[in-house]
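First the proteins, then the strands, lettered A, B, ... as listed; each starts at 1. In what follows, every heavy atom counts, from backbone to side chain, and hydrogens, waters and symmetry copies are set aside.
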Number of protein chains: 2
Amino acid sequence: MSNQQRPSPTIIDVARAAGVSKSLVSLAIRGDAGVGSATREHILSVAHEIGYRSNLWARSLVRGRSQLVGVLLNDLHNTYHTDIVHGIEDAAAEQGLGVIISHGRREATVLAQRLEDVLALGVDGIVVISALLDPQLLRDAARRKPTVVVGRPPALPDTVGGVANHDERGARLAVEHLTSLGHRRIAHLTHSNRAAATARKQSYLDLMTALGYAEGIQVLDSEAGGETELLDSILVRRADAPTAVFASNDRRAASILGGALDAGLRVPEDLSIVGYDNTDLAASVRPGLTSVDQPRLAMGRLAMDILTEMLGGADARHEVVEPTLVVRGSTGRAAGTVN
Amino acid sequence: MSNQQRPSPTIIDVARAAGVSKSLVSLAIRGDAGVGSATREHILSVAHEIGYRSNLWARSLVRGRSQLVGVLLNDLHNTYHTDIVHGIEDAAAEQGLGVIISHGRREATVLAQRLEDVLALGVDGIVVISALLDPQLLRDAARRKPTVVVGRPPALPDTVGGVANHDERGARLAVEHLTSLGHRRIAHLTHSNRAAATARKQSYLDLMTALGYAEGIQVLDSEAGGETELLDSILVRRADAPTAVFASNDRRAASILGGALDAGLRVPEDLSIVGYDNTDLAASVRPGLTSVDQPRLAMGRLAMDILTEMLGGADARHEVVEPTLVVRGSTGRAAGTVN
DNA sequence: CTGAAAGCGCTTACAG
DNA sequence: CTGAAAGCGCTTACAG
């Protein structure tokens, strides 16, 4: 029952047990070429035997780095992040770097605090998977340790690395898919005024206008009754009711899908729906959500690659990756359209 | 553009700038009562001015602890974990402890490696939110640092703290709900042979038998065609086809819900479905999933409370919490049942 | 190929 | 109330 922990052995204990000096133990453990192989074998086996483990604090203190990178998530809940983290971890492992994860519980102030915590912990670099952080905070962080952001903060300082998907093109894929199915009145359901959401909206507006469907434009605020408004206009069969909606993310798309089904509407017959991010949710609901997919694993790797370069002294750089469209059952031909 | 970081100031820099000795700086920063308030103010303002931040490595090295706890997740993807983590964080913050998160990407071997990494990092204690870890590994971890498991590993050593929900009662809630709606032929969709799944299955078997519905028992392996088998038997209207299914978790429940809808079945008219865990997914799909809810936030807090006790030298203890049932649209009266 | 010494940044007794 | 000294566990030149 007792949970007493005995102090873990140090290189001095190993040195004593192996009958050598502690510097030799240090060299042997780190695989220094100047140690005889017989000696090294002996020291290593003794170390293993007495359960020696290198003390990361001492090692980091003297070396001035920890071989650790901190990953900050906006929100643990968002499955969108998961693949990005995996990409980061894969690339980090290849560099012999460990990864520590922290998250802001969707609060910018909490996230800022976590950034501070992770920095205080002594990581060698930081990847922020969030657009929630203030550019000034990012700039400050970058002054302390190489920092890369995945996502689209309001303005990315050039001292901070960046990876983002091409939101304009993603939105274009969504709108083009719908118009190719014959939709002319396509609503856009959004809320946030973050850069990514703004870019998606603007791209939607531009393309609708360019295609000559300006009259079919309808921007709805998902947090201000936009969802209800949209569904009502379809239910009462208003002539200008949209036949399709492009939501700025899957969460909103799933929400309006649920609302539509609850109201007795058929999807996609009465309403086609496109989301953004291609999260788990998109595949879990019925009908499945057509959604714009960001190459998340690749984005994570890319972020870590940029960080690795910066760790090596290179300047920060910004990369933009191409989204693709994943078509599922939530989109179909517009009513009255001939195939 | 350049990402040069200047070395951060140490207490020696602060001491020099403030015109005092470095020990005094250390005392002042840690708020030692023996430092005059004027002196303390002065030192603190100088420290702030030159951007001093305490070096965690050095501090941990000399104090022998880091004020950090490691949280290990089976899988970042599982939203079930999120609230537990929040509970842990809330309780940890009250103790002035920081939290580091790591995860096993659903692989027991990866998780074991992460456990090792987190231990090597020098955390003061560990909370494992997973039943994936071998009891022997847990025992070894507990010998090094206080360890608490949330979930139900095959066998929990008494040197390891534990928090779990009462799976037998949770399963009972699910089955009782269905029988109260008139269901007599209730299938159980499961796969894993982990302790939690086994307990849920056994409880289902016991209750069905005790209620006299032994003939309505049908255990299906979700990974071995069980889902298809179940749906087919309903589609071909076999006399003994189940009218309801209790899935051992929400993921399986959502999967069979999707399959049922894809096959043109109505839920709950043709099939009632109950899940377990009450994850986000349960509320996102349509109809919403009736699901057994574990008090996750409370479980996280409880785990951290137990860890705090152990950090103070107390023995490990095991707690079991009560699940509740959240009813949504996926369950309804059995066909032919009079209300 | 091996050992003695200095030092990373901090905390902790211990004198004054 | 304040300062000089030792030491946490390690790595890194530097002699031998």
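No engagement by S60(B) is indicated, since no non-hydrogen atom pair under 4.0 Å with the nucleic acid exists.
With E89(A) as the partner, the side-chain contact (heavy atoms from CB on, under 4.5 Å) test is satisfied by one option alone out of I84(A), I101(A), V71(A): I101(A).
Across the protein-nucleic acid pair, I29(A) atom CD1 and dT12(D) atom P stand 13 Å apart, rounded to whole Å. Between the C1' atom of dC14(D) and the CG atom of L24(A) lies a distance of 16 Å, rounded to the nearest Å. The CG-P distance, from L27(A) to dA13(D), rounds to 11 Å in whole Å.
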Side-chain polar contacts of residues 20-31 of chain A - donor-acceptor pairs under 3.5 angstrom, sequence neighbours left out - could you list them?
| from | atom 1 | to | atom 2 | distance (Å) |
| --- | --- | --- | --- | --- |
| S21(A) | OG | L24(A) | N | 3.4 |
| S26(A) | OG | R30(A) | NE | 3.3 |
| S26(A) | OG | R30(A) | NH2 | 3.0 |
| R30(A) | NE | S26(A) | O | 3.3 |

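Residue S21(B) places none of its side-chain N or O atoms closer than 4.0 Å to OP1 or OP2 of dT2(D). A close approach under 4.0 Å does not occur between any side-chain nitrogen or oxygen of R30(B) and OP1 or OP2 of dC10(C).
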Can you pull every protein N or O that's under 3.5 Å from an N or O on nucleotides 7-9 of chain C?
| from | atom 1 | to | atom 2 | distance (Å) |
| --- | --- | --- | --- | --- |
| dG9(C) | N2 | A58(B) | O | 3.4 |

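Judged as a side chain to side chain donor-acceptor pair (under 3.5 Å), and not counting sequence neighbours, N74(B) has no contacts. Under the ring-ring contact (aromatic ring centres under 6.0 Å, His included) criterion, H103(A) pairs with H86(B), not counting sequence neighbours.
Sorted by first and then second residue, the salt bridge (charged side-chain N to carboxylate O under 4.0 Å, His left out) pairs with a member in residues 40-59 of chain B read E116(A)-R53(B); sequence neighbours excluded.
Heavy atoms only, all atoms of each residue included: Y52(B) and N55(B) are closest at OH-N, 4.3 Å. Contact between V118(B) and S102(B) at its shortest, heavy atoms only, is CG2-CB, 3.9 Å.
A stem is defined here as three or more consecutive Watson-Crick or G-U pairs, each with both distances under 3.5 Å; for DNA chain C these stems are C:1-3 with D:14-16, C:5-12 with D:5-12, C:14-16 with D:1-3.
For S23(B), the listed nucleotide lying nearest its side chain is dA4(D); candidates were dA4(D), dG3(D), dT11(C).
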What do the steps show when you test R65(B) against D124(B) for salt bridge (charged side-chain N to carboxylate O under 4.0 Å, His left out), and what is the final call? CA-CA 6 Å; R65(B) 54 204 166 78; D124(B) 293 342; 5.2 Å; no
